[in-house]
Amino acid sequence: MLTIALSKGRILEQTLPLLEKAGLTIAKEELNSRQLILDTNLADVQVIIIRATDVPIFVQHGAADMGIAGKDVLLEHGANNLFEVLNLGIAKCKLVVAAESKDKLKQNTLKVATKYVNSAKRYFQNKGQSCEIIKLFGAMELAPKVGLAHCIVDLVDTGNTLKANGLIALERIEQISARLVVNVASFKTKNTQIKPWIQNIERIL
Amino acid sequence: MGVWQLPEGIDELTNNQALVFESLRRQLLDLYANKGFGLVIPPMVEHVNSLLLTSDAVDEKTFKLLDPISGKMLGVHADITPQIARIDAKRGSDSVEKYCYINSILKTKADDFYASRSPIQAGAELYGSDDISADVEVIELMLKSLKLLSISPIVLSLGNVAIFDALIAQEDISIQVVTQLRAIFSRRSMPDLAVFLNNNVLKNADLFTHLITLEGGSDILSEALAIFSHFDQAKTVIEGLIAIDKQLNIKGIKAIFDLSELQAHEYHTGIVFSAYNKNYAKALAQGGRYNGIGKSFGKSRAATGFSFDLKFLSQSHF
């Protein structure tokens with residue numbers, strides 16, 4: 001049995017048609033049910049749909065053999081014990097540093113609001129910039145406005161939310177898109193099952 | 001917190017768990033003794049410089065403390081291999097020496113979620129032979145150890161870090177850039193490699209792109225030979241893997257190959273090998289060649305060996 005972990009939400013809407021093209025379909029009744037492990041059109045493949053941030057954890061520990069997760073999540077998690085075999089080119093966006101103006105970044109110790117704590121810390125450390133990270137779970141754009149932080153590190157798609165809150169994307173940390181990841185041990189022990197899937201998906205990209 | 005509570009990542013074996021562990025430990029030591037591997041019991045604590053070699057990963061995982069008697073820094077062993085290097089150098093022998101050990105070690109952080117910070121490392125090491133028969137001997141012993149632990153079937157994966165190292169030696173890039181490239185290879189990220197090669201000019205860009213894809217059955221070795229036909233160092237390494245494959249086949253051992261494999265310790269210099277089983281999400285045993293590991297102790301010799309966490313694997317019986 002091959003278990004594939006998929007990320008819930010926007011990324012799932014773009015993942016399902018891709019998998020369908022590669023020959024894997026999940027019936028609507030399955031998707032609409034409250035079950036956590038879903039059957040597919042293939043007897044030896046099952047799918048689990050979980051929070052995006054949990055996908056690398058499930059794959060790393062072998063609870064799923066493969067998974068589809070955003071590069072932002074993989075960067076933040078550290079992604080040990082898994083191979084990042086394909087860039088699926090879906091769910092594209094950017095991880096950026098945003099502030100009200102460039103001057104706001106000129107601080108001895110920069111206060112940064114983000115949910116991407118590890119990625120932000122690594123980025124500013126590599127730049128030689130001292131920083132203090134404030135972890136927030138949402139409404140990041142509010143932090144500079146109310147004086148909680150000098151800048152934010154967050155994903156940007158169209159940039160409309162930043163604009164509406166008077167922020168400008170000043171530095172790009174990483175170009176983000178969804179990746180196909182495989183557990184290292186599954187890659188070795190289930191190679192004959194997994195490799196055709198990688199090749200199938202690669203062909204349709 | 002109750003006084004009986006153990007620190008995070010520290011565990012113990014009791015009752016049947018302890019009995020099964022002890023029975024397996026004795027059987028393994030008998031197996032190693034029968035194959036001519038002499039038992040060593042290195043100290044739990046020694047001078048930190050002796051324990052670290054040049055490995056940042058071992059450094060990060062080593063508990064350190066100040067010796068009130070000498071005023072020097074001591075370390076608690078997080079890996080037995082550097083200690084064997086010291087023991088072999090001290091012995092000063094020029095002939096083949098074989099060592100085995102089963103010791104508790106301590107790590108500042110566990111290798112992964114399922115691992116303990118206090119594993120019991122079992123392993124065997126062979127010093128003084130650069131011949132592939134030495135690698136085959138330790139691979140065979142590693143597989144016999146896992147068989148004794150009733151773990152089967154085993155998927156044996158072979159690679160050789162010397163190809164990557166030879167390609168890197170021809171590039172004029174900083175240590176930071178090499179670290180970045182090693183990380184990309186460790187997670188076999190072809191998308192990240194493409195971005196990396198766009199941002200960095202490398203002489204061997206094409207060969208790196210091929211190398212990351214070279215995995216599969218023994219047929220990939222002939223493919224690799226064709227790709228690296230103009231690169232003598234890599235060619236020699238691949239020919240070595242073909243020779244090892246032949247010797248393993250004679251003994252009825254089948255291997256798969258992964259030429260981009262860099263996941264082993266930083267001190268590995270040549271062939272690396274890992275054992276997998278479909279019921280486990282990580283490598284069960286790992287090893288490889290680390291020629292020259294004893295250099296800092298004044299005796300640079302060829303060396304090859306393997307190790308695994310016996311405490312973790314003995315628990316698969318429950």
Side-chain angles (χ1 to χ4, degrees), chain A residues 1-3 5 54 56-67 69-71 74-75 77-90 92 122 125-126 128 172 174-196 198-199 201-202 205, chain B residues 57 109-115 151-159 174 176-177 179-180 183-196 198-199 212-213 215-217 219-220 254-258 260-264 272-286:
Chain A
M1 179 63 79
L2 206 61
T3 305
D54 291 340
I57 300 167
F58 273 65
V59 178
Q60 179 184 359
H61 299 313
D65 301 296
M66 298 163 60
K71 182 67 183 172
L74 296 171
L75 281 171
H77 176 263
N80 290 323
N81 200 34
L82 49 85
F83 289 150
E84 245 178 85
V85 289
L86 285 180
N87 181 355
L88 301 177
I90 55 173
K92 284 182 179 171
R122 207 167 35 233
Q125 259 170 15
N126 287 344
R172 193 191 77 180
E174 193 81 35
Q175 192 73 43
I176 303 295
S177 56
R179 303 286 170 102
L180 179 69
V181 293
V182 184
N183 173 275
V184 172
S186 298
F187 191 84
K188 309 269 183 181
T189 58
K190 298 183 181 178
N191 195 277
T192 48
Q193 275 178 286
I194 287 174
K195 227 171 171 180
I198 298 172
Q199 287 161 347
I201 296 172
E202 196 174 14
L205 288 178
Chain B
K109 54 185 175 188
D111 290 338
D112 58 75
F113 175 68
Y114 296 109
I151 302 169
S152 75
I154 293 294
V155 174
L156 173 67
S157 175
L158 301 185
S174 68
Q176 287 81 0
V177 177
T179 307
Q180 215 181 327
I184 290 171
F185 267 75
S186 295
R187 53 178 197 275
R188 191 191 286 284
S189 180
M190 288 172 234
D192 286 352
L193 180 63
V195 174
F196 175 89
N198 267 339
N199 297 336
I212 205 167
T213 64
E215 56 77 28
D219 48 319
I220 65 120
K254 228 182 143 200
I256 57 168
F257 294 85
D258 186 350
S260 67
E261 173 82 62
L262 298 178
Q263 299 232 344
V272 285
F273 41 85
S274 325
Y276 296 88
N277 170 271
K278 63 178 170 43
N279 296 322
Y280 295 83
K282 61 177 184 178
L284 304 178
Q286 284 180 305

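Note that the structure is predicted; figures quoted are calculated from it, not measured. Throughout, a chain's letter reflects where its sequence line sits, starting with A, and its residues are numbered from 1.
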- SB check Arg179(A) Asp192(B) (cutoff 4.0 Å): yes
- Query: Which answer fits Asn277(B), side chain, backbone, both or neither, if we ask what part of it has an atom under 4.5 Å from a heavy atom of chain A?
  - Reply: backbone
- Portion of Glu215(B) that has a non-hydrogen atom of chain A nearer than 4.5 angstrom: both
- Task: Under 4.5 Å, counting heavy-atom pairs only, tell me which of Gln175(A), Lys190(A), Lys71(A), His61(A) racks up the most with chain B.
- Result: His61(A)
- Item | Largest heavy-atom contact set with chain B, pairs under 4.5 Å, which of Ser186(A), Ala63(A), Ala185(A), Ser177(A) | Ala185(A)
As an exercise, state the distance from [atom1] of [X] to [atom2] of [Y], rounded to the nearest 0.5 Å.
X	Y	atom1	atom2	answer
Glu84(A)	Ser186(B)	CD	OG	11.5 Å
Ile198(A)	Met190(B)	CD1	CE	7.0 Å
Phe83(A)	Phe185(B)	CZ	CZ	11.5 Å
Glu261(B)	Lys188(A)	CD	NZ	4.5 Å

Portion of [X] that has a non-hydrogen atom of chain B nearer than 4.5 angstrom:
X	value
Asn183(A)	side chain
Leu86(A)	backbone
Gln60(A)	backbone

- Message: Atom NZ of residue position Lys195(A) - does it have more than 12 heavy atoms of other residues, nucleotides or ligands inside 6.0 Å?
- Response: yes
- How about Tyr280(B) and Thr189(A): do any of their side-chain heavy atoms sit closer than 4.5 Å? no
- State, yes or no, whether a side-chain contact exists between Arg188(B) and Val85(A) at a heavy-atom distance under 4.5 Å. yes
- Query: Would you find a donor on one side and an acceptor on the other, under 3.5 Å apart, between the side chain of Asn81(A) and the backbone of Lys282(B)?
  - Reply: no
- Item | Contacts of type side-chain contact (heavy atoms from CB on, under 4.5 Å), residue Asp111(B), not counting sequence neighbours | Lys61(B), Lys107(B), Ala115(B)
